Amino acid sequence: MNRRNFLAGTLGAAGASLIGAPDAFSFASLPAPSPSSPAGSYGAQFPDGFLWGMATASYQVEGAWNEDGKGESIWDRWAHTQGHIKGGDTGDEACDHYHRYAEDIAILKQLNQKSYRFSISWPRIQPAGPGAPNQRGLDHYKRVMDAVHEAGIRPFCTLYHWDLPQWCEDKGGWPNRDMAGWFADYAGIVAKELGDRITVYAAFNMPWAFTYYGYGIGIHPPGRAKLGDFFKALHTVALAQGESFRSIKAASTHATVGSAYSMAPGYPKTDSEADRAATARYHAMNNTFFLNAALKGEYPNAFVDSSARDQAFTLMGVRAGDDKLLRAPLDWVGFHYYTRRVVSDASGTKRAAQQYGTETESDTGNVNGRDPFTRFHAVMPTEGPLTHAGLEIYPRGMYDLVTQISREYGQPVIEITECGCCYMDGPYEKEGGRIPDPRRIEFFRGVLTELARAIQDGARVRAFHAWSLLDNFEWTDGYSQRYGLTWVDYRDQKRTVKDSGRWYAELAATNRVS
Ligand code: FCB
């Protein structure tokens with residue numbers, strides 16, 4: 001995604017044993033916690049058994065949008081409508097991963113990967129409505145999982161990476177509370193049918209982002225822009241997180257359930273009390289809203305005062321007793337790291353609830369808080385170098401975020417579910433078609449040195465997934481952004497591992513940042 005989309009997303013216990021997991025991770029191999037030492041030099045060492053992995057998402061790579069009984073998703077509908085995606089691109093074919101998964105899993109193996117984070121396309125499983133699943137959709141994922149296991153890789157299944165079945169949207173989409181039950185049923189079907197092959201599940205990819213983009217500001221499907229819809233969607237998704245936790249556990253005794261949240265550490269703009277309080281609200285809203293709901297059965301305090309909180313809860317449709325439904329003792333905590341935010345207080349600005357419009361915060365122009373309840377202003381700074389997508393590179397943020405979450409939630413087991421950067425480097429003829437992408441290598445060096453330091457200081461991180469295995473369909477940016485460690489030529493679907501992919505393979509083999 002580009003800078004604007006990333007920015008728009010900023011509103012204001014160890015698991016059971018992993019069946020088939022290679023080299024079970026042992027915390028005994030971690031060095032004893034030591035005082036923090038500054039990063040800067042490379043050579044950071046990761047613990048034995050650390051799970052190096054790569055991530056993809058169904059709509060971004062699969063293609064085959066209408067094969068084997070698959071139903072339409074909101075992303076199909078959105079991309080098929082003129083004017084939504086840069087260049088008129090669609091995910092109809094994407095990387096053709098649906099047919100080429102064996103080749104792609106062979107790349108993972110060749111790159112010494114131990115974990116593959118992928119997502120299941122819900123409309124392949126329930127194409128037209130709730131109830132009985134589409135066997136051909138299930139069979140596809142069974143074949144993929146078999147190939148993943150054969151390669152000695154642990155499958156990490158995300159149940160929802162944004163490709164909502166269109167039939168769900170036709171019934172009101174995420175603002176409709178009934179969605180929680182439909183989602184839990186779907187999750188239970190997957191866990192029952194694939195439970196012999198998958199033990200690691202995350203319900204949602206970036207719940208903040210897809211509710212806000214899709215219902216708050218309408219830059220993603222279904223394209224609605226209404227504060228009330230957004231707030232209702234938030235609560236339904238949090239309920240669905242809890243309900244699916246229970247349906248997965250009921251369907252598969254081997255299942256471990258975690259998350260794949262988007263998080264960006266917040267830094268107060270000034271040292272003032274007001275900016276520090278605003279940063280705390282930002283953190284609660286953007287980083288830990290769903291995590292807190294799961295682990296503690298309540299939303300964290302993201303609101304300016306109790307009356308703002310009450311108004312927000314009314315909009316969300318929170319009912320007495322919902323705390324029990326929200327609660328889900330996640331086995332491990334997963335989150336992405338891309339960049340950071342600088343946060344200031346926006347409570348001085350005069351905006352009443354009913355004046356809320358569709359505008360997003362941005363680093364130019366609008367200095368209002370995102371909404372009348374949280375009243376913070378978060379910007380993506382430009383002090384460090386920017387990636388091709390305009391995201392600031394800030395390696396230190398990885399250390400700060402991981403140690404903050406570790407501290408706040410009692411040292412949970414952590415998986416980094418995504419981390420990566422967009423650069424357009426392509427095949428270089430003079431070097432035989434090799435793809436030198438030194439800036440991506442430098443990006444990973446920086447963040448991984450900081451991650452190693454967090455582990456050194458006691459954080460219980462067991463996995464890291466680079467985004468992404470392949471260049472792919474980058475949402476509204478279409479194919480105009482490349483995050484892959486493997487280049488994809490979309491004319492003939494040829495894959496070429498970039499230099500960063502080779503570098504990452506060596507890291508995975510040695511556990512050492514070179
Ligand atoms: C993350 C999304 C992923 C991809 C990367 C660049 O926020 O989860 O699908 O778009 O950004």
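Counting convention: from 1, in listed order, for ligands and their atoms alike. All values derive from a computational prediction rather than experimental measurement.
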_Under 4.0 Å to a heavy atom of N205 - the qualifying atoms of ligand 1, by number_ = 8 (O)
*So with a 6.0 Å cut-off around NZ of K249, is the heavy-atom count from everything else above 12?*
yes
*Decide if atom NZ of K109 counts as having more than 12 heavy atoms of other residues, nucleotides or ligands within a radius under 6.0 Å.*
no
*asked:* Distance under 4.0 Å to a non-hydrogen atom of M206: what atoms of ligand 1 satisfy this?
replied: 1 (C), 2 (C), 7 (O), 8 (O)
*By ring-ring contact (aromatic ring centres under 6.0 Å, His included) - contacts of F156 (at least two apart)*: W332, H465
*F473-Y59 aromatic ring centre distance below 6.0 Å*: yes
*Does the ring of Y282 carry R341 above it, NZ/CZ under 6.0 angstrom from centre and within 45° of its axis?*
no
*Counting each atom of ligand 1 from 1 as listed, which ones have a heavy atom of W475 under 4.0 Å away?*
3 (C), 4 (C), 9 (O), 10 (O)
*Could you establish whether Q481 and ligand 1 come within less than 4.0 Å of each other, counting only heavy atoms on the residue side?*
no
*Hey, is ligand 1 close enough to E474 that some N/O pair sits below 3.5 Å?*
yes
*State the atoms of ligand 1, each with its element, that fall below the 4.0 Å cut-off from a heavy-atom position in W467.*
3 (C), 4 (C), 5 (C), 6 (C), 9 (O)
*Proximal candidate to atom 1 (C) of ligand 1 [heavy atom criterion; set E418, H161, H336, Q60]*: E418
*asked:* Using a 6.0 Å distance limit plus a 45 degree cone around the ring axis, check whether R281 lies over the aromatic ring of F376.
replied: no
